[in-house]
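Report on the structure given below.
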Amino acid sequence: MNLFAEFLQVIREAVTAAAAEQGLTTSPDLSRVTAEPPREAAHGDVSTNAAMVLNKAFGKPPRVLAEAIAAKLSAHPDVAVVDIAGPGFINLRLKPVVWRRVLASVLALGDGYGRSRLGGGKKANVEYVSANPTGPLHVGHVRGAVFGDALAQLLIETGYDVTREYYINDAGAQVDVLARSAYLRYLEALGEDIGEIPSGLYPGDYLKPVGEALAKQYGPDLKQKSEADWLPIVRSTAMEMMMALIREDLAALNIRQEVFFSEKSLHDTGEVAATIADLRAMGHVYQGTLPPPKGDVPEDWEDREQTLFRATDFGDDIDRPLLKSDGSYTYFASDVAYSRNKIARGYKELIYILGADHGGYVKRLEAVAAALAGKGNVDVIVRLCQLVKLFRAGEPVRMSKRAGEFVTLRDVVDEVGPDVVRFMMLFRKNEAPLDFDFAKVTEQSKDNPVFYVQYAHARTCSVLRNAAAEGLLPAEAPDFSLLTDEAEQGIIRRIAEFPRLLESSAAAHEPHRIAFYLFDLAGDFHALWNKGKDSPQLRFILQEDVNLTTTRLAFLRAIRYVLSNGLRILGVRPAEEM
RNA sequence: GGUCCCGUAGCUCAGUCGGAUAGAGCAUCAGUUUCCUAAACUGAGGGUCACAGGUUCGAAUCCUGUCGGGGCCGCCA
């Protein structure tokens, strides 16, 4: 159950009833009415701003209107006390039975507690990583990968129909560079001395297996061919092997996207040409020249006529070229075709997870979707992830610009494990830069949030295990009225907020809120645990009181569900022991 | 020049479609610590929410402007 969603409904009904009583002819706009937990526990359990946002519609001062709504609310069977406070807040104090129902619903729903139908089955496409298929993923890809994956899972659990997607940039010049680099490794595998890899080509060792595979499959045959003949062969083998490598990297982080979409396929199927024809038919394409950029004008700037998309009609700052001056397609052209393809597949939300250096893309992506689907028909949501800075015990990890010495995603995951990487990448909002210290994130102390949250979950498991060893199991019909301590009540309140948290995180596309919530819940739980030191009657296992013990075990199980459900959305495996 | 993001406690950061007395961790200080799982616990001090206007019953949050930090800015990918 979603306590706050339920009470929002109750409050809306009370407002409607009050409106009828006051003789209002039109029903008031309830969209701004909220039901939320007050910051101060002293203000009650559920608070609403209804009287303040509706006072104009009713033509009454907020506190007078609050009286009328409060009168309706106090008749509700779950409401113990109704207060009117401050400028017109209506604060509800709920009967204890409500909290017992919350816990009972957590236990009944288990893994499903927190799921909702907020999305209403809306088709959403989450595109993330989309790194060029020219080598293994590096540390710069980690954050977007984790963020995209967690956001996708969050949307799935809040009722969206989600596709996780990776766009393969396999049509540009960089895959030809890859092919030439791999060809050198092929010669090397045949025993030739290739010396230093020339600058402009990829020098990484990860291309050696590609060379070996080519040598094994073709022997010396490719050497007889001209570049025009061997390049497509080498390119396709190299790209296939690079994509396999990338998928392995992603798998190491427990990321499995269901669609890997090829840019090249858009050209092969004629979709790029068809897209431009469509835009032209709609009158969004013209021949023209772009003004030079302000500020630093390139020295070799010259005006050239190109085929342009009228992006400025849809909110972009500048029109965007579809065809270069020599008539070939721009990268942007296949981007537009890709958007068109997604729209044709029925997605209503196109979500892009990009690096912060792609901030300039937001407007053009929005413009493209608006031009192709009509304004307001498809939502484009771009989340930019800021850089991750690596540290080792406080010292920045130096990355040589010299190619081949970058830190790979695999280096990071292999050193600290996928769970630590995933949690830490989400323990900061996406648009803020993030420091990642190898020493701190593996530290076993309360200063390390990953450990702190994992340990809370492990602790619940541990107590349940210990109790089971003594034949004590969670009660089938727990009497939650026995949980009267302030710390216990606080945890119950926090648990009650979980479904609301998931909905607001999904609506804002901000999975990091879940990580912070889990950190807070873990803190509440550890605090309750520690209270048992001074107050033995607060411990979970009390030999002399089986009834209370089994009730507390059921409570513990509810806490565990919430912790594990939150961790599952983040893609972090809950530890059962540490 | 344009555009996007950021600016909250000494430090690192949260802050709910605008809500009541702005929170957490670290650090500092004062106590506690033979305890179901050890990897500590309890408490205290610490704020002009960059600045100035505006909208609102109400602004850290929305709008405008200024200052400061960063990213991006022709046909590259």
Side-chain angles (χ1 to χ4, degrees), chain A residues 4 31-32 34 36-40 42-43 47-49 52-53 55-56 61-63 85-89 91 132 134 169 171-175 177 263 289-298 300-304 306-308 316-318 320-326 328-332 355-363 384 386-387 427-429 431-435 443-449 451-452 455 458-459 461-463 465-467 497 500-501 503-505 507-508 510 512-513 515-516 519-520 523 526-527 529-534 536 539-543 577-578:
Chain A
F4 296 95
S31 62
R32 291 176 62 212
T34 60
E36 56 188 11
R39 207 194 309 260
E40 294 285 328
H43 290 138
S47 177
T48 180
N49 60 359
M52 292 178 289
V53 297
N55 75 87
K56 280 181 184 160
R63 293 195 62 115
F89 287 101
N91 293 326
N132 288 339
T134 54
N169 295 130
Q174 84 283 2
V175 286
V177 173
E263 178 191 3
T289 57
L290 290 171
K294 306 281 185 186
D296 294 332
V297 179
D300 59 346
W301 174 271
E302 54 178 303
D303 280 335
R304 286 185 192 157
Q306 308 160 53
T307 301
L308 299 167
D316 203 352
D317 304 314
I318 196 168
R320 303 289 171 183
L322 292 163
L323 299 181
K324 301 178 196 175
S325 47
D326 67 4
S328 61
Y329 293 117
T330 60
Y331 177 81
F332 177 67
D357 55 341
H358 286 68
Y361 272 66
V362 178
K363 287 185 180 180
L384 303 173
Q386 268 289 354
L387 292 176
F427 199 61
R428 183 117 317 170
K429 64 177 174 231
E431 64 263 32
L434 185 153
D435 292 346
E443 193 175 279
Q444 299 212 339
S445 81
K446 76 180 192 71
D447 304 341
N448 174 6
F451 172 78
Y452 195 64
Y455 187 38
R459 191 169 246 176
C461 295
S462 161
V463 179
R465 265 199 312 272
N466 288 348
E497 287 176 35
R500 184 174 179 273
L501 170 90
E503 290 194 349
S504 63
S505 302
E510 291 186 349
H512 76 272
R513 292 186 195 179
F516 283 95
F519 182 70
D520 289 341
H526 288 308
W529 176 270
N530 288 310
K531 250 184 142 175
K533 292 176 185 176
D534 293 334
R539 292 180 190 180
F540 287 92
I541 299 174
L542 297 168
Q543 299 297 348
E577 49 191 326
M578 306 200 66

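Fair warning: this is a prediction, and the values are worked out from it, not measured in the lab. A note on names: the letters A, B, ... follow the listed sequences, proteins ahead of strands, and every chain is numbered from 1.
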Go through the steps for A:R465 and A:C461 under the test side-chain contact (heavy atoms from CB on, under 4.5 Å), then give the verdict.
-> CA-CA 6 Å; A:R465 265 199 312 272; A:C461 295; 3.9 Å; yes

Using only heavy-atom distances, decide whether a donor-acceptor pair under 3.5 angstrom links the side-chain of A:T330 to the base of B:C75.
-> no

So what does A:G86 hit on the nucleic acid, given a heavy-atom distance under 4.0 Å: a base, only sugar-phosphate, or nothing?
-> nothing

Rounded to the nearest 0.5 Å, how far does CZ of A:F427 lie from CG of A:N448?
-> 9.5 Å

To the nearest angstrom, the CG-C1' distance between A:N55 and B:G19 comes to 14 Å

Quick one: A:L542 CG to B:C36 P, roughly how many Å, whole number?
-> 13 Å

To the nearest angstrom, the OH-P distance between A:Y452 and B:A38 comes to 14 Å

For A:A458, answer base if it contacts any base atom (sugar-phosphate contacts may also be present), sugar-phosphate if it contacts only those atoms, and nothing otherwise; contact means non-hydrogen atoms under 4.0 Å.
-> base

Atom C1', compared across B:A30 and B:G47: separation rounded to whole Å = 23 Å

Backbone N/O of A:T34 and side chain of A:T48: donor-acceptor pair under 3.5 Å | yes

Donor-acceptor contact below 3.5 Å, side chain A:T330 vs main chain A:P321 = yes

What integer number of Å spans the P atoms of B:U12 and B:G70?
-> 15 Å

Letter by letter from the 5' end, nucleotides 21-33 of chain B scores (B base, S sugar-phosphate only, - none; protein heavy atoms under 4.0 Å) ---SSS-------

Rounding to 0.5 Å, atoms OH (A:Y331) and CZ (A:R320) come to a distance of 14.0 Å

Just how far is it from atom CG of A:D520 to atom CZ of A:R513, taken to the nearest 0.5 Å?
-> 13.5 Å

Do the side chains of A:L290 and A:L308 get nearer than 4.5 Å, heavy atoms only?
-> yes

For A:L290, report the nucleic acid contact type (base, sugar-phosphate, nothing); a contact means any heavy atom under 4.0 Å.
-> sugar-phosphate

Between A:N530 (CG) and B:G43 (C1'), how many Å, whole number?
-> 14 Å

Contact class for A:A85 vs. all strands (heavy atom < 4.0 Å): base, sugar-phosphate, or nothing?
-> base

Determine the contact category for A:E431: base if any of its heavy atoms lies under 4.0 Å from a base atom, sugar-phosphate if only primed atoms, P, OP1 or OP2 are that close, otherwise nothing.
-> sugar-phosphate

Mind checking the P distance from B:G65 to B:G1? Whole angstroms is fine.
-> 14 Å

P spacing across the pair B:C26 / B:G71, given as an integer number of angstrom = 32 Å

Looking only at side-chain atoms of A:K533, point me to the closest of B:A40, B:C72, B:G74.
-> B:A40

Face-to-face stacking of A:W529 with B:C36, centres under 5.5 angstrom, angle under 30° | yes

Would you kindly check whether a donor in the side chain of A:S47 faces an acceptor in the base of B:A20, or vice versa, at under 3.5 angstrom?
-> yes

Could you give the CG-to-P distance, from A:L384 to B:G70, as a whole number of Å?
-> 19 Å

Got A:Q386 and A:R428 here, is their nearest side-chain heavy-atom distance under 4.5 Å?
-> no

For B:A60 and B:A9, measure between their C1' atoms and round to the nearest Å.
-> 14 Å

With a non-hydrogen cut-off below 4.0 angstrom, is A:D357 in contact with a base, only sugar-phosphate, or nothing?
-> sugar-phosphate

Touch class at under 4.0 angstrom, heavy-atom based, for A:V53 against every strand present = base

Could you give the distance separating B:A14 and B:U8 at their C1' atoms, to the nearest angstrom?
-> 10 Å

With distance as the sole test, does A:D317 use its side chain to make a donor-acceptor pair with the main-chain N or O of A:K363 at under 3.5 Å?
-> no

For RNA chain B, what are the stems built from at least three Watson-Crick or G-U pairs in a row, each pair having both distances below 3.5 Å?
-> B:1-7 with B:67-73, B:10-13 with B:23-26, B:28-32 with B:40-44, B:50-54 with B:62-66

Span that lies between the C1' atom of B:U16 and that of B:A24, in whole angstrom | 16 Å

Pairwise C1' distance, B:A20 and B:A59 [rounded to whole Å] = 13 Å

From A:T134 OG1 over to A:N169 CG, what is the distance, rounded to the nearest 0.5 angstrom?
-> 9.5 Å

Result for 5'-nearest mapping on RNA chain B, choosing between A:K324 and A:M52, is A:M52

When rounded to whole Å, the CD1 to P distance for the pair A:I318 and B:C72 reads 17 Å

Just how far is it from atom CZ of A:F4 to atom CD of A:E36, taken to the nearest 0.5 Å?
-> 9.0 Å

Return the 5'-most residue of the pair A:Q306, A:V463 with respect to RNA chain B, ranking by each residue's nearest nucleotide.
-> A:V463

Atom CZ of A:R32 and atom P of B:U61: how far apart are they, to the nearest Å?
-> 17 Å

Mind checking A:R320 for me? I need base, sugar-phosphate or nothing, with any heavy atom below 4.0 Å counting as a touch.
-> nothing

Select base, sugar-phosphate, or nothing to describe what A:P321 touches, counting heavy atoms under 4.0 Å on all strands.
-> sugar-phosphate

Sugar-phosphate only, base, or nothing, as touched by A:T289 at under 4.0 Å among non-hydrogen atoms | nothing

Any donor-acceptor pair under 3.5 Å between the side chain of A:N448 and the base of B:A39?
-> no

Answer yes or no: is there a side-chain heavy-atom contact under 4.5 Å between A:Y455 and A:H526?
-> yes

Separation of B:G1 P from A:D317 CG (nearest whole Å) | 16 Å

Spacing of A:W529 atom CH2 and A:R459 atom CZ [to the nearest 0.5 Å] | 5.0 Å

side-chain contact (heavy atoms from CB on, under 4.5 Å) between A:Y329 and A:L322, worked out = CA-CA 6 Å; A:Y329 293 117; A:L322 292 163; over 6 Å; no

So, for A:P62 and A:P87, which heavy atoms are closest and what is the spacing to 0.1 Å?
-> CB-O, 3.5 Å

Could you check whether A:S445 gets within reach of a base, just the sugar-phosphate, or nothing at all, counting any heavy atom under 4.0 Å?
-> sugar-phosphate

Produce the list of close N/O pairs, under 3.5 Å, pairing protein atoms with atoms of nucleotides 10-14 of chain B; give distances to one decimal.
residue: B:U12; atom: O2'; partner: A:R428; partner atom: NH1; Å: 3.4
residue: B:C13; atom: O5'; partner: A:R428; partner atom: NH1; Å: 2.9
residue: B:C13; atom: O3'; partner: A:R428; partner atom: NE; Å: 3.4
residue: B:C13; atom: O2'; partner: A:R428; partner atom: NH2; Å: 3.4
residue: B:A14; atom: OP1; partner: A:K429; partner atom: N; Å: 2.9
residue: B:A14; atom: OP2; partner: A:K429; partner atom: NZ; Å: 3.2

